Amino acid sequence: MPELPEVETVMRGFRTAFEGQRIRHVTVNRPDLRWPFPLDLRERLEGQEVLSFHRRAKYILMRVGNGMSMMLHLGMSGRLLLGQSGMNTTPPRHEHLVLETENEARAGLVDPRRFGMVDLVPTDHEDTHRLLSGLGIEPLSDKMTGPYLHSLMQSRRTPIKTALLDQRLIVGLGNIYVCEALFRSHIHPTRAATSITLQEANRLATFIRAILTEAIASGGSSLRDYVQADGTKGGFQDLHLVYGREGEPCSYCATGYTVSRITQSGRSTFYCANCQK
DNA sequence: ACGCTATCCTGATCGC
DNA sequence: TGCGATCAGGATAGCG
């Protein structure tokens with residue numbers, strides 16, 4: 001589910017609710033998601049002050065006072081429900097982990113498909129965690145330039161769409177935002193990554209940055225079950241120009257072409273066969 | 001060495 | 001209304 005804008009939105013809500021507070025209670029409702037929860041998750045977090053929140057790729061990092069960081073990945077269907085403790089409401093289905101603070105802030109991790117993950121890592125060594133150490137560049141950082149993107153694409157013998165989904169090269173993009181970025185850049189998704197010119201890489205860099213920035217500003221894309229931490233829906237799905245719009249007229253080339261859908265490495269790709277070359 | 005695929009799960013939706 | 005098939009925003013292990 002969540003790509004960079006959704007994870008960033010969730011992380012900001014989590015930060016607003018939890019930063020500076022002390023964790024009073026941790027409830028672990030099952031032993032694992034994609035991987036087992038750390039056996040000492042509860043004892044490592046309870047009683048700790050929440051120092052700060054960060055995002056790396058699609059991971060949320062919560063740093064606490066004992067030098068540990070909780071890593072959280074939402075997978076495909078993960079949501080973080082923020083609220084107050086003691087409301088006596090029925091817990092939602094698939095709420096696998098609950099954090100509560102001394103000030104009654106409550107965060108529940110709901111993940112029906114259980115593709116998400118939670119782990120602990122020493123804050124000083126976050127970057128060496130096996131899931132973080134191989135990650136590519138942050139698309140909203142200064143490293144994300146056309147020339148650098150161009151050089152990254154030269155090393156992959158896959159379609160450009162597949163390469164942009166590869167978190168070892170550039171992080172944060174998922175199926176939606178890759179489709180949208182290629183559409184706005186007028187690049188055909190099946191093109192070999194190595195065929196991307198510098199000029200096209202410049203366009204891609206510009207649009208990737210723009211799309212992610214716009215999506216964060218509108219609170220992410222709400223499809224199916226994604227909502228922001230405060231329960232409101234994001235609004236970026238209304239700005240999708242191709243994703244999920246198979247058969248609809250292309251919004252750019254006004255020639256009667258409609259949005260096509262193909263499958264690439266098992267995932268749907270949406271594009272305009274006329275204006276993406 | 002690299003790239004493709006099958007796979008982990010549940011739930012929503014679609015066609016019959 | 002019911003039922004089976006299909007699809008879903010991710011990322012890995014394992015295979016060729």
Side-chain angles (χ1 to χ4, degrees), chain A residues 1-11 29-37 55-60 71-80 92-96 109-119 129-136 139 152-182 189-194 208 211-212 215-216 218-229 233-247 261-270:
Chain A
M1 167 195 89
E3 305 181 33
L4 186 149
E6 293 76 40
V7 176
E8 179 72 22
T9 301
V10 169
M11 184 275 288
N29 291 323
R30 56 170 297 122
D32 56 31
L33 292 177
R34 184 186 185 106
W35 291 295
F37 288 118
R55 179 192 56 74
R56 173 73 173 111
K58 299 171 191 169
Y59 294 89
I60 292 170
M71 284 173 56
L72 173 63
H73 194 292
L74 298 172
M76 292 272 270
S77 58
R79 295 151 55 192
L80 196 69
R93 285 179 55 129
H94 307 299
E95 190 175 66
H96 309 307
L109 174 62
V110 175
D111 183 5
R113 294 177 73 180
R114 308 206 298 270
F115 291 170
M117 61 82 57
V118 173
D119 203 2
H129 190 281
R130 67 181 183 92
L131 297 172
L132 301 186
S133 62
L135 291 173
L152 284 176
M153 293 304 113
Q154 298 314 300
S155 67
R156 312 309 290 190
R157 199 192 317 260
T158 53
I160 180 65
K161 193 241 183 172
T162 308
L164 291 174
L165 283 172
D166 189 337
Q167 304 293 300
R168 295 170 298 184
L169 303 176
I170 176 172
V171 303
L173 296 172
N175 210 30
I176 293 176
Y177 294 106
V178 164
C179 291
E180 297 298 320
L182 287 170
T190 64
R191 290 259 308 277
T194 50
I208 287 171
I211 285 170
L212 295 178
I216 291 170
S218 57
S221 299
S222 289
L223 267 56
R224 297 180 179 75
D225 54 7
Y226 170 76
V227 290
Q228 297 179 69
K233 292 193 166 194
F236 194 71
Q237 66 281 358
D238 299 332
L239 303 176
H240 294 170
L241 300 180
V242 286
Y243 186 85
R245 296 190 182 280
E246 180 182 15
R261 180 166 75 101
I262 56 173
T263 298
Q264 291 181 278
S265 50
R267 320 277 310 271
S268 288
T269 300
F270 298 88

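Since this is a predicted model, take the numbers as computed values, not measurements. Chain letters run A, B, ... following the sequence lines, proteins first and then strands; every chain starts at 1.
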Which nucleotide wins on minimum distance to the side chain of A:E3, given the candidates C:dG10, B:dT10, B:dC4? C:dG10

Sub-4.5 Å side-chain heavy-atom contact between A:K58 and A:V171: no

Carboxylate-amine/guanidinium contact A:R79 A:D111, below 4.0 Å: no

From the set B:dG11, C:dT12, C:dG10, return the single nucleotide nearest to any side-chain atom of A:W35. C:dT12

Aromatic ring of A:F115 stacked on base six-ring of C:dG10, 5.5 Å, 30°: yes

Short N-O contact, A:D32 and A:R30, less than 4.0 angstrom: yes

Counting only Watson-Crick and G-U wobble pairs with both atom distances below 3.5 Å, the stems of 3 or more consecutive pairs that include DNA chain C are B:2-8 with C:10-16, B:10-16 with C:2-8

Do A:T194 and A:Q154 get their side chains close enough for a donor-acceptor pair, meaning under 3.5 Å? no

Interatomic distance where CG belongs to A:L33 and P belongs to B:dT7 [whole Å]: 22 Å

Is the closest side-chain heavy-atom distance between A:L4 and A:I216 below 4.5 Å? yes

Establish, for the pair A:R130 and A:W35, whether the NZ or CZ atom is under 6.0 angstrom from the six-membered ring centre and no further than 45 degrees off its axis. yes

Pairwise side-chain contact, A:L131 with A:M117, heavy-atom cut-off 4.5 Å (strictly under): yes

Sugar-phosphate, base or nothing in reach of A:R34, heavy atoms under 4.0 Å: base

Atom CZ of A:R130 and atom P of C:dA13: how far apart are they, to the nearest Å? 6 Å

Rounded to the nearest angstrom, tell me the gap between atom CG in A:L72 and atom P in C:dG10. 15 Å

Starting at atom NE2 of A:H96, determine the distance to atom P of B:dC9, rounded to an integer number of angstrom. 12 Å

When you check the phosphate oxygens OP1 and OP2 of B:dG3, does a side-chain N or O of A:R156 lie under 4.0 Å from one of them? yes

Can you find a side chain N or O atom of A:H240 that sits less than 4.0 Å from OP1 or OP2 on C:dG9? no

Less than 3.5 Å between a donor and an acceptor, one on the side chain of A:R113 and one on the base of B:dC9, is that the case here? yes

A:I160 and A:P189: which non-hydrogen atoms are nearest, and at how many Å? CG2-O, 3.4 Å

May I ask you to test the A:T269-A:Y243 pair for a side-chain heavy-atom distance under 4.5 Å? no

Looking only at C:dA8, C:dG9, B:dT10, the nucleotide nearest the A:R261 side chain is C:dA8

Under 4.0 Å: is that the gap between some side-chain N or O of A:Y243 and OP1 or OP2 of C:dG9? yes

May I ask you to evaluate whether A:S268 reaches the phosphate of C:dA8, defined as a side-chain N or O under 4.0 Å from OP1 or OP2? yes

Distance check, P atoms only: B:dC14 and C:dG9, in whole angstrom units. 16 Å

Within residues 160-175 of chain A, residues whose heavy atoms come under 4.0 Å of DNA chain C: A:Q167, A:G174, A:N175

Checking B:dG3, B:dT5, C:dA8 against the side chain of A:M76 (C-beta onward), the nearest is C:dA8

Measuring from the side chain of A:R157 (C-beta onward, heavy atoms only), which nucleotide among C:dG9, B:dT10, B:dG3 has the closest atom? B:dG3

Would you kindly give the CZ-to-P distance between A:R267 and B:dA6, to the nearest whole Å? 15 Å

Euclidean distance, atom CD of residue A:E246 to atom C1' of B:dC14 [Å, nearest integer]: 14 Å

Qualifying residue, where the test is salt bridge (Lys or Arg N to Asp or Glu O under 4.0 Å) with A:R55 and the options are A:E8, A:E6, A:E3: A:E8

Would you mind reading off the distance between A:L212 atom CG and C:dG9 atom P, rounded to a whole angstrom? 16 Å

Mind checking the P distance from B:dA6 to C:dT6? Whole angstroms is fine. 14 Å

Give me the distance, rounded to whole Å, that separates B:dC9 from C:dG14 when you measure between the P atoms they each carry. 15 Å

A:I60 CD1 - C:dG10 P separation (whole Å): 15 Å

Pick the P atom in B:dA1 and in C:dA11, then give their distance to the nearest Å. 24 Å

Side-chain N or O of A:H73 less than 4.0 angstrom from OP1 or OP2 on C:dA11? yes

When every non-hydrogen atom of A:K161 is compared with those of A:C179, the smallest separation belongs to CE-SG, 4.3 Å

Quick note, A:T158 side chain, CB onward, closest among C:dT12, B:dG3, B:dT5 is B:dG3

